[in-house]
Colleague: 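The structure follows.
For the numbers below, each heavy atom of this structure counts, side chains included, while hydrogens, waters and symmetry mates do not.
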Amino acid sequence: IDGVLDIGENIVFNFSEAIEHNYLDHKVNFEVKGEVNNDNVAEDISLQFSGNDSKGSIETEVVRNFAGKDLTISMMVKPDVKGVDMPLFSHGTNNKKLQLWITADQKLKAVVDNQREYKSNDTIDYSLFQQVAMVISQPTKDNDPCILTLFIGGKPVGSFEMDEPYTGTGNLIFGRTNEVNRYEKSCKFYQGRMMEARVWYRALTPQQLGTVYGYQRLTGYEMGLVDY
């Protein structure tokens with residue numbers, strides 16, 4: 001079905017089975033995708049993170065379990081300072097951790113539990129908002145590793161076989177690391193602007209990250225989108 005709706009018009013779909021999170025089952029997916037007038041992301045609407053204040057971060061009340069799930073974590077960032085490692089996202093409790101960082105040399109870095117650090121090849125341009133993302137793909141065959149891929153602006157900038165799958169549970173934290181006590185000296189913070197933070201139970205492709213969803217406002221009903 002393809003068409004244009006006028007004001008006050010609706011499309012109604014009737015299905016013979018229940019739908020959860022916009023899909024019928026894992027084999028036959030169903031998705032409604034639409035566009036609205038002036039749906040581009042507005043860069044003047046963003047959050048400013050102070051970088052050194054325990055209140056300068058965002059933590060959701062909802063708790064997410066990432067075990068066994070395809071995962072995409074993306075956001076648009078414009079850091080204020082160079083030469084410092086800064087966390088963008090963190091998750092996990094009970095010694096589990098999944099973190100996305102900007103490094104002192106302006107690269108992306110993923111930290112997973114006590115595994116080796118996964119670092120991008122390319123750097124981030126601090127002079128403008130750029131979309132960054134971390135994608136974890138679950139294996140399609142037994143005994144195959146999970147694949148972690150880092151993206152800048154929809155472009156893959158590093159892909160790695162993970163030492164072990166990530167199975168953590170916890171709140172979603174943006175702008176700081178996931179220490180139990182945010183007042184600990186070991187707790188690190190992000191300084192800069194951030195917008196369009198998104199968490200998907202779906203391993204988005206470069207095209208989906210870069211053009212389909214990347215710089216457009218979302219409806220909130222996109223397939224696999226769990227937090228926006």
Colleague: Should Glu164 and Asp113 be marked as a side chain to side chain contact (heavy atoms under 4.5 Å, CB included) after you check the CA-CA gap, both sets of side-chain angles, and the distance that decides it?
Modeller: CA-CA 9 Å; Glu164 294 180 0; Asp113 297 333; 5.6 Å; no
Colleague: Would you say Leu108 and Ile173 are hydrophobically clustered, going by side-chain heavy atoms of ILVMFWY under 4.5 Å?
Modeller: no
Colleague: Measuring from atom CD1 of Ile58 to atom CG of Asn171, what distance do you get when rounded to the nearest 0.5 angstrom?
Modeller: 13.0 Å
Colleague: Is it true that, when you exclude Asn65 itself, more than 12 heavy atoms of the residues, nucleotides or ligands shown sit nearer than 6.0 Å to its CG?
Modeller: yes
Colleague: Please report the shortest heavy-atom distance between Ile102 and Pro79, naming the atom on each side.
Modeller: CD1-CG, 3.5 Å
Colleague: Using modelled atom types and a 3.5 Å cut-off, is there a donor and acceptor pairing between side-chain atoms of Asp80 and backbone atoms of Gln191?
Modeller: no
Colleague: Give a yes or no on whether Asn114 atom CG has more than 12 heavy-atom contacts from other residues, nucleotides or ligands under 6.0 Å away.
Modeller: no
Colleague: Cluster question for you: counting only ILVMFWY and a side-chain heavy-atom cut-off of under 4.5 Å, with indirect links fine, are Tyr126 and Ile152 together?
Modeller: yes
Colleague: Parallel, tilted or perpendicular for Phe66 and His91, by the 30°/60° rule?
Modeller: parallel
Colleague: Under the rule for side-chain hydrogen bond (donor to acceptor under 3.5 Å, both in side chains), what residues qualify as partners of Gln131, not counting sequence neighbours?
Modeller: none
Colleague: Heavy-atom count check: over 12 atoms from other residues, nucleotides or ligands less than 6.0 Å from Glu161 CD?
Modeller: no
Colleague: What are the two closest heavy atoms between Phe49 and Tyr190, and how far apart are they?
Modeller: CB-O, 3.2 Å
Colleague: Mind listing the closest non-hydrogen atom pair of Arg202 and Met223 along with its distance?
Modeller: NH1-O, 2.8 Å
Colleague: Before accepting this row, confirm whether a basic side-chain N of the pair Arg64/Asp227 lies closer than 4.0 Å to the acidic partner's carboxylate O.
Modeller: yes
Colleague: Which heavy atom in Leu88 sits nearest to a heavy atom in Val77, and how many Å separate them?
Modeller: CD2-CG1, 3.9 Å
Colleague: Rounded to the nearest 0.5 Å, what separates atom OG in Ser46 from atom CE in Met75?
Modeller: 14.0 Å
Colleague: Using 0.5 Å steps for rounding, measure from the CG atom of Asn121 to the NZ atom of Lys107.
Modeller: 6.5 Å
Colleague: Is there a donor-acceptor pair under 3.5 Å between the side chain of Thr177 and the backbone N or O of Lys188?
Modeller: yes
Colleague: Under the 3.5 angstrom rule, does the side chain of Asp70 hit a backbone N or O of Gln138 as a donor-acceptor pair?
Modeller: yes
Colleague: Are any side-chain N or O atoms of Gln115 and backbone N or O atoms of Asp163, one a donor and one an acceptor, separated by less than 3.5 Å?
Modeller: yes
Colleague: According to a 4.5 Å side-chain heavy-atom criterion applied to Ile, Leu, Val, Met, Phe, Trp and Tyr, with indirect links allowed, do Phe89 and Val63 form part of one hydrophobic cluster?
Modeller: no
Colleague: Does a side-chain heavy-atom distance below 4.5 Å link Phe160 with Glu117?
Modeller: no
Colleague: Any chance you could pull the hydrophobic cluster mates of Trp101, using side-chain heavy atoms under 4.5 angstrom and chaining through other members?
Modeller: Val111
Colleague: What distance separates Glu59 CD from Phe174 CZ, expressed to the nearest 0.5 Å?
Modeller: 11.0 Å
Colleague: So, Gln99 side chain and Ser90 main chain: donor-acceptor pair closer than 3.5 Å or not?
Modeller: no
Colleague: Is Met134 close to Leu148 at the side-chain level, that is, under 4.5 Å between some pair of heavy atoms?
Modeller: yes
Colleague: Main chain of Arg176, side chain of Ser57: is a donor-acceptor contact present, judged purely on distance under 3.5 Å?
Modeller: no
Colleague: May I ask you to check whether Asp122 and Ser120 show a side-chain donor-acceptor distance below 3.5 Å?
Modeller: no
Colleague: Are any side-chain N or O atoms of Glu222 and backbone N or O atoms of Gly220, one a donor and one an acceptor, separated by less than 3.5 Å?
Modeller: yes
Colleague: At what distance, to the nearest 0.5 angstrom, does CD1 of Ile124 lie from NZ of Lys82?
Modeller: 12.0 Å
Colleague: If every non-hydrogen atom of Ser74 is compared with every non-hydrogen atom of Leu209, which pair is closest and at what distance?
Modeller: CB-CD2, 4.2 Å
Colleague: Test of understanding: clusters of I, L, V, M, F, W, Y form through side-chain heavy atoms closer than 4.5 Å, transitively. Do Ile147 and Tyr201 belong to the same one?
Modeller: no
Colleague: Can you tell me how far CG of Leu98 sits from OH of Tyr166, rounded to the nearest 0.5 angstrom?
Modeller: 5.0 Å
Colleague: If every non-hydrogen atom of Pro139 is compared with every non-hydrogen atom of Pro145, which pair is closest and at what distance?
Modeller: CB-O, 3.8 Å
Colleague: Please test Leu150 against Leu100 for side chain to side chain contact (heavy atoms under 4.5 Å, CB included), starting from the C-alpha separation and ending with a verdict.
Modeller: CA-CA 9 Å; Leu150 298 172; Leu100 180 63; 4.0 Å; yes
Colleague: Are the side chain of Thr93 and the backbone of Thr169 linked by a donor-acceptor contact shorter than 3.5 Å?
Modeller: yes
